[in-house]
Amino acid sequence: MPDLATLLPMLALLLVTGALAGLVAGLLGVGGGIVLVPAYFYIFVGLGHDGPGLMQVCLATSLATIIVTSARSVMSHNRKGAVDWQILRHWAPGIAVGALIGVLVVAQLRTQALQAIFGLLALTVSLYMALGRDAWRLGPQMPGLAVRAPLSGAVGFLSVLMGIGGGSFGVPLMTLYNVPIHRAVATAAGFGITIALPSAAAFLLVPVEGAPPYTVGAVNVPAFALTIAMTLITAPMGAALAHKMNPKPLKRVFAVFLAAVALNMLRKALGY
């Protein structure tokens, strides 16, 4: 176990990270997990836990926190009438199935491979955030079953590979099908619950080699508890701010930050 002088700064960092993740989830609609996964990785490495299954712990713990973060975000958005429950009902089954398939894949991979996957997907998300245009469209409305089935599965699957909720893939997808941005952000919070609930439950049954202390399956309990303590406060704040301001300038800045994180993950995956 780490000594107190090492542990206290790390606990403080977890609290700060949880606060930031909640704001990002509510405000930008990209999912707090995109902050949590790399933060958890660096925190656990700083504590001396760098086993072959560390990224599994980071992904699973992030997804567990997203259950609570997304639930609070959905409630906040729903009070403003922004959640499209019809989209959520139609897309939830495919998203949940894709998420469970994602857990099966993650359980077979180790930290280096998962770092590479996270880096590549995060870089893709950052490029879309930086370069995407509001006018881009794939269709005038959300697609029917033939297209919805593979797309919903892909949203769940890719989200679990990154340890994130539904915002990073769900929001761009919905806006590309002409769903207004505020409604897309609100509905994507519901995607997050659909992804995180079954996947986090499944991760409780995944044994992890060299996991940090107090880890159940692949979910680290202290990191989960400390993160939730902050996201319960900050997720509704982010959701409220999303309805009062234009988040575009912040998205550009966050895209640069995310690209830097993604490139650093890729560097580590390549052994540099």
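Nothing here was measured: the structure is a model prediction, and the numbers come from that model.
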Check: R133 side chain, L131 main-chain N or O, donor-acceptor pair, under 3.5 Å | yes
Would you say V185 and H77 make side-chain contact, with heavy atoms under 4.5 Å?
-> yes
Check: A149 main-chain N/O paired with S152 side-chain donor or acceptor under 3.5 Å | yes
Could you check if a side-chain atom of W136 sits within less than 4.5 angstrom of a side-chain atom of T175, using non-hydrogen atoms only?
-> no
For the residue pair M265 and G119, what are the closest heavy atoms and their distance?
-> CB-CA, 4.2 Å
Partners of S159 by side chain to side chain donor-acceptor pair (under 3.5 Å), sequence neighbours excluded?
-> none
Measure the spacing between CG of L14 and CG of L226 and express it to the nearest 0.5 Å.
-> 5.5 Å
Could you tell me which non-hydrogen atom of C58 sits nearest to which non-hydrogen atom of F44, and how far apart they are?
-> SG-CD1, 4.1 Å
Between atom CG of L54 and atom CD of Q112, what is the distance when rounded to the nearest 0.5 Å?
-> 13.0 Å
Report the C-alpha separation of T17 and Y40 in whole Å, then their side-chain angles, then the decisive distance to 0.1 Å, and conclude whether the side chain to side chain donor-acceptor pair (under 3.5 Å) test is met.
-> CA-CA 9 Å; T17 299; Y40 286 158; over 6 Å; no
All heavy atoms of G163 vs all of V37, minimum pair found to be O-CG2, 3.8 Å
Distance-only, no hydrogens or angles: does the S70 side chain make a donor-acceptor pair with backbone N or O of I66 under 3.5 Å?
-> yes
Where A64 and V219 come nearest, the two heavy atoms and their spacing = CB-CG1, 4.0 Å
Looking only at heavy atoms, which two atoms of A188 and M174 are closest? And how far apart?
-> N-CE, 3.6 Å
Answer whether the closest heavy-atom distance between the side chains of V125 and M129 falls below 4.5 Å.
-> yes
Under 3.5 Å: donor-acceptor pair, side chain of N78, backbone of G81 | no
Over all atoms of both residues, closest heavy-atom pair of V160 and G102 | CG1-C, 3.6 Å
Side-chain contact, heavy-atom cut-off 4.5 Å: L176 with R137?
-> no
OG of S62 to CZ of F118: how many Å apart, nearest 0.5 Å?
-> 8.0 Å
Roughly how far apart are I195 CD1 and I164 CD1, rounded to 0.5 Å?
-> 7.0 Å
Does one side chain, of S168 or Y128, offer a donor that lies under 3.5 Å from an acceptor on the other?
-> no
Value rounded to 0.5 Å, distance of CE in M162 from CG in L59 | 9.5 Å
Side chain T187, main chain D84, donor-acceptor under 3.5 Å | yes
Would you find a donor on one side and an acceptor on the other, under 3.5 Å apart, between the side chain of R110 and the backbone of M55?
-> no
Side chain to side chain contact (heavy atoms under 4.5 Å, CB included) with Q56: of V103, T111, L114, L109, only one passes, and it is L114
Hey, does W85 have a side-chain heavy atom less than 4.5 Å from the side chain of H90?
-> no
To the nearest 0.5 angstrom, please state how far the CG atom of L151 sits from the CZ atom of F169.
-> 12.5 Å
Under 3.5 Å, is there a donor-acceptor pair linking the side chains of N220 and T61?
-> no
